[in-house]
Amino acid sequence: MKDKLKFKSINLFLKPLLFLLIGGIGSLIVAFLMIEGALKGPYPQIIDIILGVFFGVIGAIAIISIYKLDTILVYSDYYKIKSIFGHIKRIIKKDSIITWTEIEKANKYDEWKELTIYTSKSNYKLSSSIYGNYSELRNNLISGKKNNLKKEIKLIKRKNAILAVFFLITGGLFLFLSFNFYYLNKEAINYHNLQTITGVITNKAEIHVGSKGSGSININLRSYPSFSFNISGNSLKATNTFSYIENVKIGDTLTIEILKDEYQKKLTKEIPLSFWDKSINYSFISVYGLRDKNTSFLHFNDYIFELKNDRALVPLFLWVFAIVGLFVIGGGFYLFKNLLEK
């Protein structure tokens, strides 16, 4: 095929390439670190493994998608499709194109069009978001070809079906959170559930700030090197963090109050561990009381006070999440109803 080149695509690859490259490599690094951390302890941590696999799949898809950034060369009788690396991926003859569809798409940041051309054996997609001369390419590709309206309607229906499923899943999550608030309001911890332990701290007294601004204190004790004693949420609110950071040094002896259930399962092994005990936060033990020989940094009564303040809002959140969940699920069923009627 020694046809003369008419024009080629104006590629807007920089933004998607950087997004895919940085996002893909970043996701793969996160996946590796999460899975490595999940397999370090005596028991694999199932949530970290699931999240690690999820980020790994996302990273792999992002890296593979780089190969889908094509340069399109337009000749009189055919189109040559090259990868971003210059490799010829395929050649599409003009007379092999049977029909086409074009769908408008949008997200919260942008709107774009996606054109699909169909041959007897395959199809090929291109997007207005990555080609500066999309209109010129589109007009050349569809010239003299019929628009497949039935296919377009089918694609729109599939798009709406995906949206309906998304609504149903989102609504289900809101209902799940509502039930969680309901059971949270019924759970009770009293002082008789606690076990007191004493140990020498081996790490610096500090507050760790999470990605969403949430804080926590992790305490490592010489006598229990495999576990991290954690203060977060209402326990952290009830803790005199300034006094703790100012007064506690590595090598000091601390007295800690933890749940008797965790003490007997994880520290003394008096009670067998369940699958969930082993697989979810095995190395972390929540703290409900903390003091040294001179000062009480966290008192159980202060924890209960903070817990009651939080629980005062639980009924409100319960109803809000329940109503939103039912409303969103209703939207999902409404979309499905419209799909079935058309």
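All values below come from the heavy atoms of this structure, side chains included, with hydrogens, waters and symmetry mates left out.
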Within a reach of under 6.0 Å around [atom1] of [X], are more than 12 heavy atoms found that belong to other residues, nucleotides or ligands?
| X | atom1 | result |
| --- | --- | --- |
| K269 | NZ | yes |
| R90 | CZ | yes |
| E270 | CD | yes |
| K145 | NZ | yes |

Is there a side-chain contact between [X] and [Y] (heavy atoms, below 4.5 Å)?
| X | Y | result |
| --- | --- | --- |
| I66 | F85 | yes |
| Y124 | L141 | no |
| T101 | N123 | no |
| I217 | V287 | no |
| L28 | I63 | yes |
| P225 | N220 | no |

[Y] and [X] side chains, donor-acceptor separation under 3.5 Å:
| X | Y | value |
| --- | --- | --- |
| T71 | N11 | yes |
| K94 | N140 | yes |
| N230 | S228 | no |
| Y288 | N193 | no |

Linked hydrophobic residues, F242 as query - side chain contacts closer than 4.5 Å: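 Answer for F242: none, a lone residue.
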Between side-chain atoms of residues 44-56 and protein atoms elsewhere (two or more places apart, or another chain), which donor-acceptor pairs fall under 3.5 Å?
from, atom 1, to, atom 2, distance (Å)
Q45, OE1, N281, N, 2.8
Q45, OE1, Y282, N, 3.0
Q45, NE2, Y43, O, 2.9
Q45, NE2, K278, O, 2.7

Taking a hydrophobic cluster as the set of Ile, Leu, Val, Met, Phe, Trp and Tyr residues connected by side-chain heavy atoms closer than 4.5 Å, whether directly or through intermediates, do V328 and F166 fall within one such cluster?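 Yes, because V328 and F166 connect within a single hydrophobic cluster, where side-chain heavy atoms sit under 4.5 Å apart.
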same_hphob_cluster(I10, L14) at 4.5 Å side-chain heavy-atom cutoff: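 No, it is not one cluster - the side chains of I10 and L14 are not joined through contacts under 4.5 Å.
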Not counting sequence neighbours, which residues clear salt bridge (Lys or Arg N to Asp or Glu O under 4.0 Å) with D277? List them please.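 If we apply the salt bridge (Lys or Arg N to Asp or Glu O under 4.0 Å) test to D277, skipping adjacent residues, the hits are K265.
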Quick one: list whatever passes ring pair (Phe, Tyr, Trp, His ring centres under 6.0 Å) with [X], sequence neighbours left out.
| X | result |
| --- | --- |
| F174 | F321 |
| F229 | none |
| Y191 | F300 |

At what distance, to the nearest 0.5 angstrom, does [atom1] of [X] lie from [atom2] of [Y]?
| X | Y | atom1 | atom2 | answer |
| --- | --- | --- | --- | --- |
| Q264 | L259 | CD | CG | 11.0 Å |
| N147 | T99 | CG | OG1 | 6.0 Å |
| L137 | S128 | CG | OG | 11.0 Å |

What residue among I256, T253, D252, D292 forms side chain to side chain contact (heavy atoms under 4.5 Å, CB included) with I201?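 Result for side chain to side chain contact (heavy atoms under 4.5 Å, CB included) with I201: D252.
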Please say whether the positively charged group of K89, taken as NZ for Lys or CZ for Arg, lies over the ring of Y67, i.e. under 6.0 angstrom from the six-membered ring centre and within 45 degrees of the axis.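 K89 over Y67 ring: yes.
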